[in-house]
> 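Here it is, the structure, as structure tokens.
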Amino acid sequence: MNYWLMKSEPQAFSITDLKKRPQQTEHWDGVRNYQARNFMRAMKKGDLAFFYHSSCEVPGVYGIVEIAHEAYPDDTAWDRKNSHYDPKSTPEEPRWYMVDVRFKRELKHPITLTQIKNQAALKNMRLVQPGSRLSVMPVTAKEWDTILKLSEE
DNA sequence: GCCAACGTTGGC
DNA sequence: GCCAACGTTGGC
């Protein structure tokens, strides 16, 4: 079992939106960064991920999702009308991948970016490394537990 | 809206 | 293969 963190701008797609989707499941498409893509390809069905809200009033971890389907080609890449259209990706040779995520639950208390930065046990999190802008990244079991524990307090 | 950090592109 | 220019991310 692996742990992850996935970022989304809540005005585009929030944990609440995911909760309202049929089967509470949605494709995680639009990732156009190789490192993030590689992390998605490493995801296994049943892995858990934090749902992180970015570029919003209070950035932070708001909920937990489960990987419901392992990586498969992201067809938005060859849709000309899609804002993430990439002519270098084709159905024959897909460059970008997506996974399906299923809503698990919201955190009782969301853990804000500020809290994460102030927590000694979390100072090595990839999320808070200077210049780290990855939208998909791994989280260690220890970091996972620390955030969960904080969210129950 | 600003801007620092980073990734990608493309000319050479 | 270098590197400048440009675009994007995301916190503030």
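Quick note: numbers below take in every heavy atom, side chains included, and nothing from hydrogens, waters or symmetry partners. Note on naming: letters A, B, ... go to the chains in the order of the sequence lines (proteins, then strands), and numbering restarts at 1 for each one.
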> Could you identify which residues cluster with A:Y34, counting Ile, Leu, Val, Met, Phe, Trp and Tyr as linked when any side-chain heavy atoms lie under 4.5 Å apart, either directly or through a chain of such contacts?
A:W96

> Would you please indicate if the ring centroids of A:W28 and A:F51 are separated by under 6.0 Å?
yes

> Sequence neighbours left out, what pairs pass salt bridge (Lys or Arg N to Asp or Glu O under 4.0 Å) with at least one residue falling in residues 44-63 of chain A?
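Pairs touching residues 44-63 of chain A that pass the test: none.
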
> To the nearest angstrom, how far is A:K117 atom NZ from C:dG11 atom C1'?
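Whole-Å distance recorded here is 6 Å.
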
> Any pair with a residue in residues 68-89 of chain A that passes salt bridge (Lys or Arg N to Asp or Glu O under 4.0 Å), sequence neighbours left out, goes on the list, sorted by first then second residue, please.
A:R32-A:D74

> Starting at CE of A:M6 and ending at C1' of C:dT9, how long is that distance when rounded to a whole Å?
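Rounded to the whole Å, the gap is 17 Å.
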
> Does A:R41 make a cation-pi contact with A:Y97 (under 6.0 Å, within 45 degrees of the axis)?
yes

> Among residues at least two apart in sequence or on other chains, which ones pass side chain to side chain contact (heavy atoms under 4.5 Å, CB included) with A:K142?
A:T140

> Residues two or more places apart in sequence or in another chain: which of them pass side chain to side chain contact (heavy atoms under 4.5 Å, CB included) with A:K149?
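Here no residue qualifies.
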
> Between protein and nucleotides 1-8 of chain C, what N or O pairs are separated by less than 3.5 Å?
from: C:dT8; atom 1: O2; to: A:R133; atom 2: NH1; distance (Å): 2.8

> Of all residues at least two apart in sequence or in a different chain, which pass the salt bridge (Lys or Arg N to Asp or Glu O under 4.0 Å) check with A:R126?
none

> Rounded off to whole Å, could you give me the CG-to-P distance for the A:N118 and C:dG11 pair?
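So the CG-P distance, A:N118 to C:dG11, works out to 15 Å.
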
> Among residues 50-61 of chain A, which contact DNA chain C at a heavy-atom distance under 4.0 Å?
A:Y52, A:S54, A:S55, A:P59

> Could you name each residue pair satisfying side-chain hydrogen bond (donor to acceptor under 3.5 Å, both in side chains) that touches residues 14-23 of chain A, not counting sequence neighbours?
A:S14-A:D17, A:K19-A:E106, A:R21-A:E26

> Can you run down the ring pair (Phe, Tyr, Trp, His ring centres under 6.0 Å) pairs that involve residues 102-153 of chain A, sequence neighbours left out, and say none if there aren't any?
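Residue pairs passing ring pair (Phe, Tyr, Trp, His ring centres under 6.0 Å), neighbours aside: A:Y3-A:W144, A:F50-A:W144.
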
> Report the distance from atom CG of A:L134 to atom P of C:dT9, rounded to the nearest whole Å.
12 Å

> Could you state the CG-C1' distance from A:L113 to C:dC12, rounded to the nearest angstrom?
10 Å

> Does a nitrogen or oxygen in the side chain of A:K7 sit under 4.0 Å from OP1 or OP2 of C:dG10?
yes

> Taking side chain to side chain contact (heavy atoms under 4.5 Å, CB included) as the definition, give me every residue that meets it alongside A:H27, ordered by chain and number, with sequence neighbours left out.
A:D29, A:Y72, A:M98, A:D100

> Measure from CE on A:M125 to C1' on C:dG10 and round the result to the nearest Å.
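Roughly 16 Å, once rounded to whole Å.
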
> Describe, as an angle rounded to 10 degrees, how the axis at the first end of the helix from B:dG1-C:dC12 to B:dC12-C:dG1 is tilted relative to the axis at the last end, five pairs per end.
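About 10° separates the two local helix axes.
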
> Without decimals, in angstroms, what is the distance between A:L127 CG and C:dT9 P?
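Taking CG of A:L127 and P of C:dT9, I get 16 Å after rounding.
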
